[in-house]
Amino acid sequence: CVTSQTEISTTVSQYACQRRTTTENNNKIFTEAFEVLAESYEFNEIEGPCLAFRRAGSVLKSLTFEVRSLGDTQDLPCLGEHTKELIEEILRYGRSFEVEKILSDERYQTLKLFTSVFGVGPKTAEKWYRRGLRSFSDVLTEPSIQLNRMQQTGFLHYEDISRAVSKAEARALGNIIDEAVHAITLDAVISLTGGFRRGKEFGHDVDFIVTTPELGRERSLLPDVTDRLEQQGILLYCDYQASTFDMSKLPCHRFEAMDHFAKCFLILRLEASKVEGGLNSTEEDSRGWRAVRVDLVSPPMDRYAFALLGWTGSRQFERDLRRFARLERRMLLDNHILYDKTKKEFLAATTEKDIFAHLGLEYIEPWQRNA
Ligand code: ATP
Ligand code: MN
Ligand code: MN
């Protein structure tokens, strides 16, 4: 029914933090096409159109209906001319020639392949591509290339890490981390965050926040946890970054992608016997274990709500929360603080609900943040 769709469309906000986006995507055919274009712009460091396509995709993901005609998109925000052309093309032919051209492009394919390795970002991928390298065996047999420890591990566990992590595996890892933090301190607090907190069935890693109520005590928590995992023989890789958090240096006015909390990027060995229903692995794989990526972050307890909100994502949801705070409220939001620029004061929060309330936003549940 056209009327009710139009009614819905008129109320769609340009900000993801004012939309409810579940994991059910009714417009995959469009959003997957947009993502290819966004990625291609990203590889070419063209930021504007890249963000525009991500924003457009995010709007379509929030719709409770499938777009069936260009008219359906008439009142939607964030859809530019290029996006509309693409939608029209997909509606007419069931696919986009522009997208197919990119997918068959050698440079795109190579950069996509190289950046799929843990530890290889767009810069390194580009460097390898310019040297004429096109495959993993090209990279691994090129004598002049020195892989760092992260990249070596990335290649070593490539197949395992590329395979999606299931909910059952995430639960098993939750048990392992829970056991470890509580063995170190009884009052430890652990919460699942990232995509699995948003209700996703699969993820590329599992993200946890671990901390303790005793302020300052969290600083030694992660080294203690990783020591323990190592003693258990399940620590395959650990990149630990100590805290550089300093409240007196906040608010920070320039944009930073990373926060300052202690964190570690891990690869753990997960035994099949610990996973209800078994591992998400191929049938011929009879090792009985797999390697999995796990992220741990450890904020001081008084920063917990901000860290939880920041690490729950999605990335697009986070971007729009910050943009909304800045443009609509003259406030600065990041993983550490919420700062009111008009009143020149920090706003306190112990829960995510407090932060939404300070921002004058309706509360959006984690499973509605899949923007
Ligand atoms: P996936 O299932 O692919 O893992 P995800 O949403 O969990 O999806 P992640 O890359 O694990 O994606 O990131 C989870 C959240 O943590 C995101 O909101 C991201 O902004 C945040 N995040 C990730 N890495 C960092 C970092 N180094 N510093 C600060 N925040 C980060
Ligand atoms: Mn994740
Ligand atoms: Mn992560």
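Counting starts at 1 for both ligands and their atoms, following the listed order.
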Check: Tyr158 ring centroid to Phe118 ring centroid under 6.0 Å: no

Given [options], which one has a non-hydrogen atom that is nearest to [atom]?
atom: atom 21 (C) of ligand 1; options: Gly313, Gly310, Ser314, Ala307; result: Gly310
atom: atom 29 (C) of ligand 1; options: Asn370, Asp259, Val206; result: Asp259
atom: atom 8 (O) of ligand 1; options: Gln316, Arg319, Lys200; result: Lys200
atom: atom 1 (P) of ligand 1; options: Arg197, Arg315, His204, Glu201; result: His204

Taking the N/O/S atoms of [X] one by one, which is nearest to the Mn ion (ligand 3)?
X: Asp295; answer: OD2
X: Asp207; answer: OD1
X: Asp205; answer: OD2

So His260 and His336, would you call those rings parallel, tilted or perpendicular, with 30° and 60° as cut-offs? tilted

If you measure every N or O of [X] against every N or O of ligand 1, does any of those distances drop under 3.5 Å?
X: Arg198; value: yes
X: Asp205; value: yes
X: Asp207; value: yes

Under 4.0 Å from a heavy atom of [X]: give me the atoms of ligand 1 that qualify, with their elements.
X: Gly194; value: 7 (O)
X: Gly203; value: 2 (O)
X: Glu318; value: 18 (O)
X: Asn335; value: 29 (C), 30 (N)

Should we count [atom1] of [X] as having more than 12 external heavy atoms under 6.0 Å?
X: Tyr93; atom1: OH; answer: no
X: Leu327; atom1: CG; answer: yes
X: Glu159; atom1: CD; answer: no

Going by atom types alone, do Arg303 and Asn335 pair a side-chain donor with an acceptor below 3.5 Å? no

Would you mind telling me if ligand 1 is within reach of the side chain of [X], the backbone, both or neither, using heavy atoms under 4.0 Å?
X: Phe265; result: side chain
X: Thr193; result: neither
X: Met258; result: both

Would you call Glu328 and Arg323 a salt bridge, taking side-chain N to carboxylate O under 4.0 Å as the test? no

Answer yes or no for atom 12 (O) of ligand 1: protein heavy atom present at a distance under 4.0 Å? no

Taking the six-membered ring of Phe324 as reference, does the NZ or CZ atom of Arg329 fall below 6.0 Å from its centre and within a 45° cone about the axis? no

protein heavy-atom neighbour closest to atom 5 (P) of ligand 1 works out as Gly195 N, 3.7 Å

Give the residue and atom name of whichever protein heavy atom lies nearest to atom 16 (O) of ligand 1, and the separation in Å to one decimal. Trp311 CE3, 3.4 Å

Expected output: side-chain His182 to main-chain Asp178 donor-acceptor under 3.5 Å: yes

Just so I know, are the side chains of Arg290 and Glu169 near enough to count as touching, which here means a heavy-atom distance under 4.5 Å? yes

Between Ala325 and Leu333 the two heavy atoms that sit nearest each other are CB-CB, 4.1 Å

In this structure, which one of Trp128, Tyr108, Phe155 forms a ring pair (Phe, Tyr, Trp, His ring centres under 6.0 Å) with Phe114? Trp128

